[in-house]
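In this chain, numbering begins with 1 at the start of the sequence shown.
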Amino acid sequence: MLDRREFMRRTAAAGLSAALWPLTACERSGVGTGEHSGFQPHPPPSGPAREFVRIARPAEVDITPLGMFRRWTYDGSYPGPEIRVREGERLRVRLENRLPDPTTVHWHGVPVPNAMDGVPGVTQDAVEPDGDFIYDFTAAPAGSYLYHSHVGLQLDQGLHGPLVIEETTPHVEYDREATLILDGLLPGPPQPPDLEGGMGRGMMRRRGRGMMEMMDDGTPEYHAFLLNGRAPEDPETIEVGRGKRIRLRIMNPSSSTTFRVAVAGHRMQVTHSDGRPVEPVEVDALEIGMGERYDVVVEAENPGVWSIAASGVGGGPPPARALLRYADASPGARSDPEIPAGLREGRLLGLSDLRSIERDAASERRPDRTIDLSLRREGMMRGAWTIDGQRWPDADPLRVSPGERVRVRMVNRSPHRHPMHLHGFFFRVGDALKETVVVPGHMGRISFEYTADKPGDWFFHCHHLYHMESGMARVFGYR
Ligand code: C2O
Ligand code: CU
C-alpha cells in the first residue's frame with residue numbers, strides 16, 4: 001500500500017511539486033450554449049480516457065467458511081473490482097453482458113450526463129445478454145462512489161463495486177486508505193417482493209403477528225453480513241503503522257440493510273459524506289444507509305489488533321468485520337474485544353453534524369419551487385410502496401423547469417426508514433451536500449434543495465431495493 005503522507009513529504013522536501021498527485025482540472029465548465037436558458041450543458045468528454053472493461057457474469061464465489069455461492073459478478077469477483085481514477089480524468093468503461101438477463105451500470109453518486117446514468121427505460125435501454133455498452137464521462141468531482149446494476153434485483157445478487165475518484169488536494173491528511181464494502185449475503189437468488197399478499201407465510205410463522213407490520217416490508221433474511229465479500233469468521237486484515245492515519249472509505253451498496261459501524265479502541269473522524277468533504281467530526285459510531293458512503297480517518301495510536309465491525313440496525317446475522325492490525329502487533333495477537341463498544345454506545349454521528357466545506361453559492365438562492373412528497377405504503381398488508389401516492393412505474397414525472405432551485409420536502413408515513421437517492425445531482429440537506437439521505441420512520445421529515453441545471457429525466461428512489469422494486473421511485477424531469 002502507498003504511504004501517501006510520506007510521499008507528499010518527500011516530494012515537498014525534494015523541492016518537487018507533488019507532480020504525480022495533482023490532476024487535470026475538473027472539466028465541468030458549462031461552456032457552450034444550452035438549448036434552454038438555465039442549462040449548464042455537459043460537453044461530451046474528449047481526449048484520452050482511462051479505459052476499463054467490466055464483464056457482468058455469474059460466478060461461483062468462495063466465501064470462507066460459509067462455502068461457495070453463486071453470485072452475479074463483475075469480472076468474476078464479488079464485490080466488483082475497484083475502479084480508481086483521478087479527479088477530472090475521462091473515464092470510459094465498456095460493460096459486457098454475459099448474464100442471462102439484461103443489465104445496466106449506474107454510477108451511483110457521480111453527476112454524470114443523463115445518457116450515462118444507467119437507468120433502464122429512463123436513460124437507456126438495458127443491455128441485452130451478449131450485448132455491450134460504453135459508458136463515457138468525466139470523473140468529477142472527487143469522492144467515494146459505487147457502480148452497480150440498476151436492473152431488477154441484480155444488486156442483491158452481487159452486482160456492485162467501488163468507484164474511487166481521487167482528490168487533487170484532500171482537505172485532511174492521511175497515510176493510507178482502505179475501502180470497506182458492506183453487504184448482506186442471501187442464501188439463494190433474491191425473491192421479488194410480493195405486491196399483493198404482503199409477508200410470506202413462513203415469515204409470519206417465525207415472527208408472529210406483533211412483528212408483522214415492521215417486518216413486512218420486503219426485507220429478506222440474510223445468511224451473513226459481509227465486509228469486502230468476507231465472512232466475519234474470515235476477516236480481511238488492514239495493516240497500519242503506529243502513529244499513522246488511515247482513511248477508510250465505508251460504502252453501503254447492500255440492498256436492504258442499514259449498518260452501524262465502529263472501530264474497537266479508536267474513534268473515527270468523519271471527513272466525507274457521500275463523497276463530499278465535510279468539516280471533520282469525531283464520533284464513536286455511524287449509521288450508514290443503503291447507497292450512502294462515509295469516509296473516516298482513524299489515528300493509529302492504540303497498538304494491538306482491533307475489530308472494525310458493522311452490525312445490522314434492527315438485527316440480522318452477526319456483524320460484518322475487518323481487522324485493524326498494527327505492524328508491531330505480535331503474530332499471535334487476537335482482536336479484543338471482537339465487537340467494538342461503539343456498536344452499542346458512545347457518540348453516534350448525526351445528520352446535523354455534517355458541515356460541507358464546499359462553497360455552494362446556489363444554496364443562498366430561494367427555492368423557485370417546493371415539492372411535497374409523502375413516503376408510505378398503500379394498505380397495511382400490501383407490499384406496494386409509494387411516493388406521494390404513486391407507485392412506479394405507474395407514476396407521473398415530477399416536473400421541474402430548467403435552472404430552477406427545487407426544494408423537496410419528504411415526510412415518512414411508515415415505520416421504516418427510507419434512504420432516498422437522487423440521481424445526477426448533489427443536494428443540500430442541512431449543512432451537508434449529499435445525494436442519498438435517510439428519512440427516519442414514524443413521521444420523520446427531511447427536506448433537501450438542488451438546482452435542476454442538467455436536462456433529462458433523473459431517477460429518484462428509495463435505495464432499499466425491495467421498496468424500490470415495489471414502486472418507491474419517481475422521475476424528476478422536464479419535457
Ligand atoms: Cu444506487 Cu438509482 O441507485
Ligand atoms: Cu424505502
Exercise. Does the gap between the ring centers of Phe427 and Phe448 come in under 6.0 Å?
Worked result: yes
Problem set entry | Member of Thr219, Leu155, Leu153 meeting the side chain to side chain contact (heavy atoms under 4.5 Å, CB included) criterion with Ser255 | Leu155
For this session: Check whether any side-chain heavy atom of Val281 sits under 4.5 Å from a side-chain heavy atom of Gln269, and report yes or no.
Result: no
Exercise. Ala56 and Thr103: which non-hydrogen atoms are nearest, and at how many Å?
Worked result: CB-CG2, 4.4 Å
For this session: Would you check, one step at a time, whether the test side chain to side chain contact (heavy atoms under 4.5 Å, CB included) holds for Val105 with Val93?
Result: CA-CA 10 Å; Val105 175; Val93 186; over 6 Å; no
Exercise. Side chain of Arg474, backbone of Ile387: donor and acceptor closer than 3.5 Å?
Worked result: yes
Exercise. Between Thr386 and Glu378, does a side chain to side chain donor-acceptor pair (under 3.5 Å) hold up when you go through it step by step?
Worked result: CA-CA 7 Å; Thr386 58; Glu378 300 305 312; 2.6 Å; yes
Seminar exercise, completed: In short, salt bridge (Lys or Arg N to Asp or Glu O under 4.0 Å) pairs touching residues 421-446 with sequence neighbours left out are Asp274-Lys434, Glu292-Lys434, Arg293-Glu435, Arg355-Asp431, Asp360-Arg428
Problem set entry | Inter-residue atom distance Leu465.CG - Met472.CE, 0.5 Å rounding | 13.5 Å
For this session: Examine distances only and state if a side-chain atom of Thr436 and a backbone atom of His421 form a donor-acceptor pair shorter than 3.5 Å.
Result: no
For this session: State the CG-OG distance between Leu433 and Ser273, to the nearest 0.5 angstrom.
Result: 8.0 Å
Exercise. Restricting to pairs with a member in residues 269-300, which pass ring pair (Phe, Tyr, Trp, His ring centres under 6.0 Å), not counting sequence neighbours?
Worked result: His171-His272
Exercise. Can you tell me if Thr271 uses its side chain to pair, donor with acceptor, with the backbone of Pro280 under 3.5 Å?
Worked result: no
For this session: Determine whether the side chains of His442 and Asn412 contain a donor N or O and an acceptor N or O closer than 3.5 Å.
Result: no
For this session: Give a yes-or-no answer on whether the side chains of Ser335 and Arg321 include a donor-acceptor pair shorter than 3.5 Å.
Result: yes
Seminar exercise, completed: The ring-ring contact (aromatic ring centres under 6.0 Å, His included) partner of His423 among His463, His461, His108 is His461
For this session: Return yes if some donor-acceptor pair links the side-chain N/O of Arg276 with the main-chain N/O of Ala142 below 3.5 Å, else return no.
Result: yes
Problem set entry | Arg413 side chain to Gly441 backbone, donor-acceptor under 3.5 Å | no
Exercise. Does any pair with a residue in residues 281-290 pass side chain to side chain donor-acceptor pair (under 3.5 Å), and if so which ones, sequence neighbours excluded?
Worked result: Arg267-Glu282, Arg267-Asp284, Glu287-Arg417
For this session: Could you give me the CA-CA distance, side-chain angles and deciding distance for Ser254 and Phe225, then say whether side chain to side chain contact (heavy atoms under 4.5 Å, CB included) is met?
Result: CA-CA 10 Å; Ser254 80; Phe225 287 148; over 6 Å; no
Just list the side-chain donor-acceptor pairs under 3.5 Å for residues 182-193, sequence neighbours left out, or say none.
from: Asp183; atom 1: OD2; to: Tyr78; atom 2: OH; distance (Å): 2.8
from: Asp183; atom 1: OD2; to: His160; atom 2: NE2; distance (Å): 2.8
from: Gln191; atom 1: NE2; to: Pro189; atom 2: O; distance (Å): 3.1

Exercise. In Å and rounded to the nearest 0.5 Å, what is the OG to CD1 distance from Ser77 to Ile55?
Worked result: 12.0 Å
Exercise. Parallel under 30°, tilted from 30 to 60°, perpendicular over 60°: which one fits the rings of Tyr147 and Tyr74?
Worked result: tilted
For this session: Would you please classify the geometry between the Phe459 ring and the Trp392 ring as parallel, tilted or perpendicular, with 30° and 60° separating the classes?
Result: perpendicular
Exercise. Does Asp62 use its side chain to pair, donor to acceptor, with the backbone of Met68 at less than 3.5 Å?
Worked result: no
Seminar exercise, completed: With Leu373 as partner, the option from Val439, Asp388, Val411 fulfilling side chain to side chain contact (heavy atoms under 4.5 Å, CB included) is Asp388
For this session: State whether a side-chain donor-acceptor pair under 3.5 Å links Arg247 with Tyr174.
Result: yes
For this session: Give the intermediate values and the outcome of ring pair (Phe, Tyr, Trp, His ring centres under 6.0 Å) for residues Phe476 and Phe425.
Result: CA-CA 11 Å; Phe476 280 94; Phe425 304 87; 8.6 Å; no
Exercise. Within the distance-only criterion (no hydrogens, no angle test), does the side chain of Asp353 pair as donor or acceptor with the backbone N or O of Gly350 below 3.5 angstrom?
Worked result: yes
For this session: Please work out which of the three classes, parallel, tilted or perpendicular, describes the rings of Phe137 and Trp107, given edges at 30° and 60°.
Result: tilted
Exercise. When you look at Met251 and Leu180, which way does the side chain to side chain contact (heavy atoms under 4.5 Å, CB included) test go after all the steps?
Worked result: CA-CA 6 Å; Met251 310 197 191; Leu180 307 181; over 6 Å; no
Seminar exercise, completed: The salt bridge (Lys or Arg N to Asp or Glu O under 4.0 Å) partners of Arg249 (sequence neighbours excluded) come to Glu177, Asp295
Problem set entry | Test item: side-chain donor near acceptor, His464 and His418, under 3.5 Å | no
For this session: Look only at the side chain of Ser356 and the backbone of Glu358, and say whether a donor-acceptor pair between them is shorter than 3.5 Å.
Result: yes
Exercise. If only atom types and distance count, is the side chain of Glu89 paired as donor or acceptor with the main-chain N or O of Arg86 below 3.5 Å?
Worked result: yes
Exercise. For the atom pair CD (Glu166) and OG (Ser144), what is the distance rounded to the nearest 0.5 Å?
Worked result: 10.0 Å
Problem set entry | Test side chain to side chain contact (heavy atoms under 4.5 Å, CB included) applied to Ile246 and Leu248, step by step | CA-CA 6 Å; Ile246 182 157; Leu248 305 175; 4.1 Å; yes
Exercise. Stepwise, does the salt bridge (charged side-chain N to carboxylate O under 4.0 Å, His left out) test hold for Arg377 with Asp217?
Worked result: CA-CA 9 Å; Arg377 183 171 41 180; Asp217 73 330; over 6 Å; no
For this session: Give every residue pair that meets the salt bridge (Lys or Arg N to Asp or Glu O under 4.0 Å) criterion with at least one member in residues 74-83, sequence neighbours excluded.
Result: Arg54-Asp75, Glu82-Arg84
Exercise. Can you find a heavy atom in the side chain of Ser374 that is under 4.5 Å from one in the side chain of Met410?
Worked result: no
Problem set entry | Check: Asp175 side chain, Arg245 main-chain N or O, donor-acceptor pair, under 3.5 Å | yes
Problem set entry | Minimum-distance pair of heavy atoms, taken over all atoms of Leu227 and Ala322 | CD1-N, 3.8 Å
For this session: Before giving the answer on side chain to side chain donor-acceptor pair (under 3.5 Å), spell out for Asn302 and His266 the whole-Å C-alpha distance, their side-chain angles and the decisive distance to 0.1 Å.
Result: CA-CA 7 Å; Asn302 190 8; His266 298 75; 5.0 Å; no
